[in-house]
Amino acid sequence: MLRCLYFCSQNIKLPDMKKMTLLMCLLSFLFIMPSCKKKVKEENTDAQLKGIDMENRLAKYIDVPLKSDLSKLTEKEKQMLPLLFEVADIMDELFWLNAYGEKEELLSKTKDEQLLKYLNINYGPWDRLDNDVPFIEGIGEKPKGANFYPADITEDEFKKLNDPLKESLYSVIRRDENGALKVIPFHVEYKEQLTRAHDLLIQASELAEDKGLQNYLQLVAKALITDNYFESDMAWLDMKNNTIDFVTGAIETYEDALYGYRASYESYILIKDHDWSKKLAKYTQFLPELQKSLPVDQKYKNEKPGVDGELNVYDVVYYTGHCNAGSKTIAINLPNDPKVQMEKGSRKLQLKNAMKAKFDHILVPIANNLIEESQRGNINFDAFFTTTMFHEVAHGLGIKYLVNDPSKEVKATLKETATTLEEAKADILGLYMITYLYNKGELKEISLEDYYITFVASMFRSIRFGQASSHGKANMMRFNYLLEKGALVRNAEKGTYKVDIDKMKVAVVEIGKEILIVQGNGDYEKAKAWVNKDAVVKTELQSDLDRLDGAKIPTDIYFIQGPEVLGLSK
Ligand SMILES: [Zn+2]
């Protein structure tokens, strides 16, 4: 019935509908048209949604057009892009289903432009930059497991569920007609959308001039309809000379705040910057050396990071699904599959145009408010770019399996704290590496002070993502730690912060060590206690952060994006 309502209130798109649905819809339309009409009327009048504090919420985002120079693309590459945009839009549709449920049903309940924009930014009625509080009157709390699980699921019944796929990345949990839990693989639950995406990717692959890209597009098409990404992950790492890149599928598990098991759909369309990528290639050669140098006992660094991984720079031209929800990602490290990482390493993608937008519109204004005046001159884009880059390198280092039981993944053992710990590790070890390389005579273009102070300014930026974000929580933990160790000193009068470089160097090593040990031991209780204690914003910091809101400094970016912005006709 809902489905029929949906089609009744929209323009019916015949080619998009399955025959059965069409038949059902037509039948209901013919037989129960009066009730269908009545429902439409209700949706248009009675059920109008009311937003809460829309003006201030929207002020957290600054609109920035997402552009790139496409002149270096070949004709075939330009023809391929519209197909990729379509696939990306399907991933967007699927992420709505992961995170909330029926998008159109929700959006049809308001005509308020501001509210519509905010619903789209958040992929649902909960504010991702405000600890997921509902921003619509009368809406309850966001279910911890988003729409991956029944909202009323209990820990006990999940425990009792006997299904080998119950912890799988690529499935949802639903109730059967008797109310019992059942597991449905993504490729079954989202069959119609995934088949469409598959077909478009096959078409796109036919336009690919680069053999690596062609192979990858074919395999990722297959991955979508089988929920098995192993081969496409491997093919993605094998592809080296492509200019267009397309990251797509069910990838990150952050949206599942209940257990952290389930992946969400997303897409990035990327244009590789070959010149910058070459410049960065040289840092990859330091990976084994960096792993060896980690400040922990040997048993925590026995794993060998893959050296086949690379560090590349891109302009991102389209974000959809999870990566477009709330705060925008500016660097990625993929694939996530530890088996692929052990065999081939991983690829770090630096999204330079997006980084520059955040640096100019957010980081610099934050520094001007929160960093002590004498240190503001140390804030620069190169430092921001490099610390973000090494955050990604650091994800590939450290430990992925428990020291005492290598059959167990750190990620699964640390459950919902895993991503927070992993982000904290990546940030801190990233800085540790910069220090290490700097001392070796690399990275000398700017000073160590620049790296540290820009890093701290960036921490304030990330803390503003709030507790709903693993990155937000990781930064709170680190902020509290650095403050405690005296590496950060607050000027009580001005509410500004000074970085003590020497103490910072010591603190970075200490916190890095602590994280690696918790991870290597798979110490869930300790991780949980740490997150509960330190992943909070205390009163003083809150008052400082409130000044940023008062000064109307945005927290994140809303990208105006799509084929038209790029000058492509769709
Ligand atoms: Zn990260």
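Index from 1, following the sequence. Both counts, for ligands and for their atoms, begin at 1 and track the order of listing. What's counted below: heavy atoms across the whole structure, side chains too, no hydrogens, waters or symmetry copies.
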- Query: Using 4.0 Å as the upper bound for N to carboxylate O, is an ion pair formed by R464 and D556?
  - Reply: no

- Message: The criterion is salt bridge (Lys or Arg N to Asp or Glu O under 4.0 Å); which residues satisfy it with E409, sequence neighbours excluded?
- Response: none

- Task: Output all residues satisfying ring-ring contact (aromatic ring centres under 6.0 Å, His included) with Y261, sequence neighbours left out; order by chain, then residue number.
- Result: Y259

- Counting only protein N/O/S atoms, those under 2.8 Å from the Zn ion (ligand 1) total 3

- Message: Can you list everything that forms a salt bridge (Lys or Arg N to Asp or Glu O under 4.0 Å) with R128? Sequence neighbours excluded, please.
- Response: E255

- Query: Looking only at side chains, do N521 and Y300 share a donor and an acceptor under 3.5 Å apart?
  - Reply: yes

- Under a 4.0 Å N-O cut-off, is there an ion pair linking D130 with R57? yes

